[in-house]
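Have a look at the structure below, then the notes.
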Amino acid sequence: MNFLVFVKQVPDTETKIQIAGDGKSIAEDGVNFIVSPYDEMAIEEALLRKEALGGEITVVTMGPNRAEAALRTALAMGCDKAVHLEDEAFQGADSYATAKALAAVVKKYSPDLVFFGKQGVGTDNTQVGQMVAEMAGLGHIGMCVKLEIDGDKIRGEREIEGGRETIEVALPAVVVAQKGLNEPRYPALRGIMQAKRKPIEKLTPGDLGLSADEVGAAGSKTEYASLELPPAREAGKKLEVEPEVAAKEIVAFLKNEAKAL
Amino acid sequence: MLEFVDFAGVEGLLRPEERMVYDTVHAFVKDRVKPNIAADFEAGVFPLHLVSEMGELGFLGPTLKEYGGAGLSDVAYGLINQELERGDSGLRSFASVQSSLVIYPIYAFGSGEQKARFLPKLIRGEIVGCFGLTEPDFGSNPGGMRTRAVKSGDKWLLNGSKMWITNGSIADVAVVWAATNDGIRGFLVEKGMKGFSAPEIRHKMSLRASVTSELIFEDVEVPDENCLPGALGLKFPLMCLTQARYGIGWGALGAAMDCYETAVSYAKSRIQFNVPIARFQLVQAKLAKMLTEITKAQLLALQVGRLKDEGHAKHYQISMLKMNNVGVALDIAREARDILGANGISLEYPVFRHMCNLESVKTYEGTEDIHRLVLGQYITGIPAFEPGKVQG
């Protein structure tokens with residue numbers, strides 16, 4: 001069975017974000033970039049399925065040159081080969097333009113099963129996986145927390161408000177990983193060295209049969225107007241009194257000042 | 001690479017795969033070691049369950065290209081040590097012994113059969129090894145050892161004892177150095193051999209999350225096939241120590257970084273006289289000194305590592321690395337304890353634990369004084385640790 005896993009390189013969730021001079025993007029200087037944590041779950045699920053069923057895993061990302069590090073991480077975890085959509089024309093893509101490019105990758109490689117993480121941490125749009133399924137004409141299981149492969153179909157549990165629903169989809173299909181699906185492995189050090197020798201194929205819009213104005217900022221339906229940091233948190237108040245007195249003061253504070261009670 | 005104290009831009013001098021090694025070991029220590037290590041230290045327990053996990057991830061014998069080793073650079077090996085010791089010196093000690101003092105001598109001096117039999121399991125973390133050189137009465141002067149092996153037929157009869165042996169009581173195989181009629185030889189003594197016992201040394205105030213033992217040999221019959229064929233003389237165990245000391249030079253940096261980062265964050269949040277104590281010049285001076293010493297130690301470690309990768313590192317360069325970086329780390333741990341005030345003595349923070357551990361690290365694998373004398377000999381050509389003997 002052939003698997004395609006889409007990953008995004010994002011700022012480390014512990015990074016202190018600063019807004020760049022244009023007011024519409026973040027300053028990348030000093031930012032530590034990682035594979036988006038949900039995408040790690042997508043990689044892990046593909047690895048587990050390959051270990052059980054055999055086949056080949058191709059990991060794909062769209063992003064600038066630095067995003068190659070995310071592909072190397074995925075290769076070190078055990079993916080077999082990588083595809084990098086690296087071209088200036090891809091830059092500035094919103095979810096729609098991203099999905100358009102990625103759907104073209106799905107059509108080019110005709111995988112049996114496609115994995116996404118539910119969202120790229122940072123932009124948090126939570127829609128690319130589903131859009132790609134639609135554009136590529138495949139069924140999908142979104143917010144998947146449990147997955148079974150049964151011959152030529154898959155059955156998965158999807159988180160919904162207050163419960164779970166079970167969905168069955170014929171292969172080929174798209175699975176969007178949600179927290180709980182698995183625990184991603186660490187890339188083993190042997191894998192890191194093996195990853196150096198695994199191939200990374202670079203693709204341009206032309207390689208995907210797309211024109212430059214269908215992808216990136218030109219192909220997008222939305223654009224960032226501005227970014228703002230949340231207001232700085234005010235200093236907390238510390239009560240250095242007996243617990244009984246403190247409890248009364250906290251209740252009074254919640255009632256009178258915070259109006260929470 | 002997050003949480004990497006990196007004033008001088010060392011990250012930019014690392015190869016991409018070395019950064020990934022850092023990230024993996026850093027994440028492992030953060031997730032798997034840090035949450036329980038203070039409790040392990042307090043209880044005096046080595047987290048044995050981490051051995052197979054470390055083996056699985058390739059942390060053991062990582063520079064070997066054969067027998068399941070990852071084939072990493074010496075700098076990557078250094079980074080593994082740094083990150084393990086950011087967790088605890090005890091965990092790094094385990095890995096140092098397994099990689100540099102057990103896997104290395106079997107690989108470098110062992111027979112084909114010995115390598116095939118022991119190396120894959122040691123590298124996978126399926127078995128544990130220890131290294132017996134130090135004796136109760138012979139620490140800095142191992143050449144005076146009393147443990148003896150006498151050949152009789154196709155066996156060796158081993159008698160004597162070894163002291164302060166990391167991993168001793170949990171080891172499946174011990175690399176034991178003993179005097180013979182021809183000179184010092186190395187033996188692979190296996191758990192369960194008759195007359196071999198390894199009682200644990202208790203009541204330690206340091207390296208509490210690590211197993212330290214005595215090794216006792218009473219007429220232990222060691223088959224000749226367990227004698228390391230490629231080692232004869234004191235030079236060979238000392239070659240092992242050079243490997244381990246190199247890793248310790250990096251490891252101490254991890255403990256120093258953890259102490260420094262703890263001190264910085266504490267100083268910024270601890271309010272006295274209505275301001276964070278980081279506002280005070282005396283505290284800032286301490287932090288500036290810590291960062292400066294860490295930076296110098298990092299650059300020394302990296303340069304010695306690159307020399308080692310090229311096969312050019314000298315034992316006296318590694319002596320300076322071990323001596324300097326452990327000394328600096330201990331000073332930083334003490335200063336960090338001071339900045340944390342009374343909180344500094346609590347196991348809620350890592351600094352006192354690191355400080356206690358580093359007292360051992362300062363002494364083992366060549367005391368600070370012995371490394372000074374190694375450098376003294378390098379500088380003057382006169383070996384000061386052989387009293388009465390002057391190079392002529």
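Here is how names work: the chains are called A, B, and so on, in the same order as the sequence lines, proteins then strands, and each is numbered from 1.
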Parallel, tilted or perpendicular, as decided by the 30° and 60° cut-offs, for the rings of [Y] and [X]:
X	Y	answer
B:Trp250	B:Tyr246	perpendicular
B:Phe273	B:Phe280	perpendicular
A:Phe116	A:Phe6	parallel

CZ (B:Arg279) with more than 12 external heavy atoms under 6.0 Å: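 No, the 6.0 Å shell around CZ holds no more than 12 heavy atoms from other groups.
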More than 12 heavy atoms from other groups under 6.0 Å of CG on A:Asp22: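 More than 12 heavy atoms, drawn from other residues, nucleotides or ligands, come within 6.0 Å of this atom.
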Backbone N/O of A:Met41 and side chain of A:Asn182: donor-acceptor pair under 3.5 Å: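 The answer is yes, because a donor-acceptor pair under 3.5 Å joins these two groups.
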Closest heavy-atom pair and its distance - A:Cys144, A:Leu181: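 Shortest heavy-atom contact: O-CB, 3.7 Å.
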For chain B, which residues of residues 191-202 of chain A have heavy atoms nearer than 4.5 angstrom: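 Within residues 191-202 of chain A, the residues that come under 4.5 Å of chain B (heavy atoms only) are A:Ile192, A:Met193, A:Lys196.
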Close approach to chain B in residues 48-77 of chain A, criterion heavy atom under 4.5 Å: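 The residues closer than 4.5 Å to chain B, in numerical order, are A:Arg72, A:Thr73, A:Ala76.
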Under 4.5 Å from a heavy atom of chain A, the part of B:Leu60 involved: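 Neither part.
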A:Lys118 charged N/C atom sitting above A:Tyr38 aromatic ring, 6.0 Å / 45°: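 Positive - A:Lys118 is close enough to the ring of A:Tyr38 and near enough to its axis.
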Non-neighbouring partners of B:Asp258 that pass side-chain hydrogen bond (donor to acceptor under 3.5 Å, both in side chains), sequence neighbours left out: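 Applying side-chain hydrogen bond (donor to acceptor under 3.5 Å, both in side chains) to B:Asp258 gives B:Lys34, B:His354.
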Residue pairs involving residues 64-75 of chain B (criterion side chain to side chain donor-acceptor pair (under 3.5 Å); sequence neighbours excluded):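 Residue pairs with at least one partner in residues 64-75 of chain B: B:Glu18-B:Ser73, B:Glu66-B:Tyr107, B:Asp74-B:Lys308.
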